[in-house]
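Just below is one structure, and these are the notes that go with it.
When a ligand or atom number is given, it counts from 1 through the structure's own listing order. Keep in mind that the numbers below use all heavy atoms, side chains included, and drop hydrogens, waters and symmetry copies.
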Amino acid sequence: MPEPYLGSPSGTIEILRKYNISARKKFGQNFLIDDGVLSATVDAAELTPEDAVLEIGPGIGTLTQYLAASAGHVVAVEIDRSLLPVLADTLSGFDNVEVISGDILKTDIKEIVDTRNNGRPIKVVANLPYYITTPIIMQLLESGAPIESITVMVQKEVADRMTAEPGSRDFGALSLAIRYYAEPCVAQIVHPDSFIPQPGVDSAVVTLLAHKEPPVSVKDPGFMFQLIRASFNQRRKKLSNGILNFPGYKVGDREGVHFTRADVEGALTAAGLDPNIRGEAMSLAQFADLADRLLGKVPGSD
Ligand code: SAM
């Protein structure tokens, strides 16, 4: 297998010139050009030849080359079809890489794990497109797929929210959802000059190491995540309004489930909570309890 050769300004510029392409803003393209950052990202993911990796957005294949050199198998999902010929070129010789053309938000992650790694846990590693960081993270958490760890480059400000402690200013839906699933930690702060083009903000590599057992027990974690999202949609408003204004919950196979005000206020009171409570005052354990109580109000969900 070749050595990774794209992790430098000259390697990246050469490929962009060869294919007469430039980074597309609408896809959040900021290509990594810093060998030190790329190596540190792969180190943070603690890859071994036994690992299968899911990469989101391989771009021109820079991080992919590093992943291929350390892991057993890499599946990379890229939305920008114009990059497929580039990837075929830059990843030729890296014979443990499979590129899937598609939108990660419309990709069945569980199916990828089942078919590419026989259902054994995978590791996710990515330099994420910043315009959809939160939807991607939530999708990974809600997918139900066995994921051992997630190591991602995100905006520093998002890293702060991901790792925020309860009660702090940055604490919100993302922090809560992440804490159910994993222990978050910042591996590295990354300066804009590690990318072409340079993003307007600092970035950070964050690792989420999945808990062996979730810290709270809840019947349907996916439903709890939706409740958390609904509650923080209207920050500083009553939690009950956020829950009622959500466009429709997915519970098991049912889509578009709604609750009445009596359902929500009844569940809050039964949980010993003030019906006027706000989302940010709720702990993960309280969300889990509320989710179980509301689930009891969905016919046929037990
Ligand atoms: N991995 C490359 C690197 O580190 O140089 C590129 C990272 S760039 C920040 C984000 C990549 O995600 C781009 O290649 C972009 O086209 C891709 N992307 C954006 N939206 C996507 C989506 N919905 N599904 C899959 N890939 C996406």
Side-chain angles (χ1 to χ4, degrees), residues 4-16 19 21-45 47 53-71 74-91 94 97-109 111-112 123-140 143 150-156 158-159 187-188 190-206:
Y5 58 85
L6 285 173
S8 66
S10 57
T12 298
I13 289 165
E14 194 181 315
I15 288 292
L16 296 179
Y19 288 91
I21 51 173
S22 46
R24 295 172 81 178
K25 215 173 171 177
K26 81 163 186 173
F27 289 136
Q29 292 177 356
N30 297 95
F31 302 122
L32 272 167
I33 51 163
D34 187 326
D35 175 67
V37 170
L38 285 149
S39 300
T41 304
V42 172
D43 286 351
L47 298 181
V53 173
L54 169 65
E55 186 192 7
I56 297 157
I60 60 169
T62 312
L63 178 60
T64 325
Q65 291 188 342
Y66 287 74
L67 297 173
S70 300
V74 181
V75 180
V77 180
E78 173 57 59
I79 198 170
D80 185 353
R81 287 173 166 275
S82 70
L83 293 177
L84 297 180
V86 182
L87 288 166
D89 176 359
T90 58
L91 298 176
F94 294 87
V97 178
E98 176 190 2
V99 174
I100 297 179
S101 170
D103 179 346
I104 191 67
L105 295 177
K106 296 186 183 141
T107 301
D108 184 342
I109 298 190
E111 203 249 348
I112 290 189
K123 293 180 174 174
V124 176
V125 186
N127 170 17
L128 287 180
Y130 292 172
Y131 74 107
I132 43 169
T133 302
T134 302
I136 291 177
I137 298 285
M138 292 304 288
Q139 181 206 15
L140 291 170
S143 68
I150 300 175
T151 303
V152 278
M153 179 82 72
V154 298
Q155 288 180 52
K156 159 109 184 15
V158 176
Q188 198 184 16
V190 180
H191 192 264
D193 65 13
S194 294
F195 305 84
I196 289 180
Q198 296 191 14
V201 289
D202 275 345
S203 302
V205 177
V206 177

Counting distance only, does the side-chain N/O of [X] pair as donor-acceptor with the main-chain N or O of [Y] below 3.5 Å?
X	Y	result
Gln65	Tyr5	yes
Ser101	Arg81	no
Thr12	Leu6	yes

- Query: Are Asn30 and Tyr130 linked by a side-chain donor-acceptor pair shorter than 3.5 Å?
  - Reply: no

- Query: Around Glu98, counting heavy atoms of other residues, nucleotides and ligands shown, do more than 12 lie under 6.0 Å from its CD?
  - Reply: yes

- Query: Any idea which residues sit under 4.0 Å from ligand 1, heavy-atom distances?
  - Reply: Phe27, Gly28, Gln29, Asn30, Phe31, Leu32, Glu55, Gly57, Pro58, Gly59, Val77, Glu78, Ile79, Asp80, Gly102, Asp103, Ile104, Asn127, Leu128, Pro129, Tyr131, Ile132

- Output, in order, the C-alpha distance, side-chain angles, deciding distance and verdict of side-chain contact (heavy atoms from CB on, under 4.5 Å) for Leu83 and Ile21. CA-CA 9 Å; Leu83 293 177; Ile21 51 173; 3.8 Å; yes

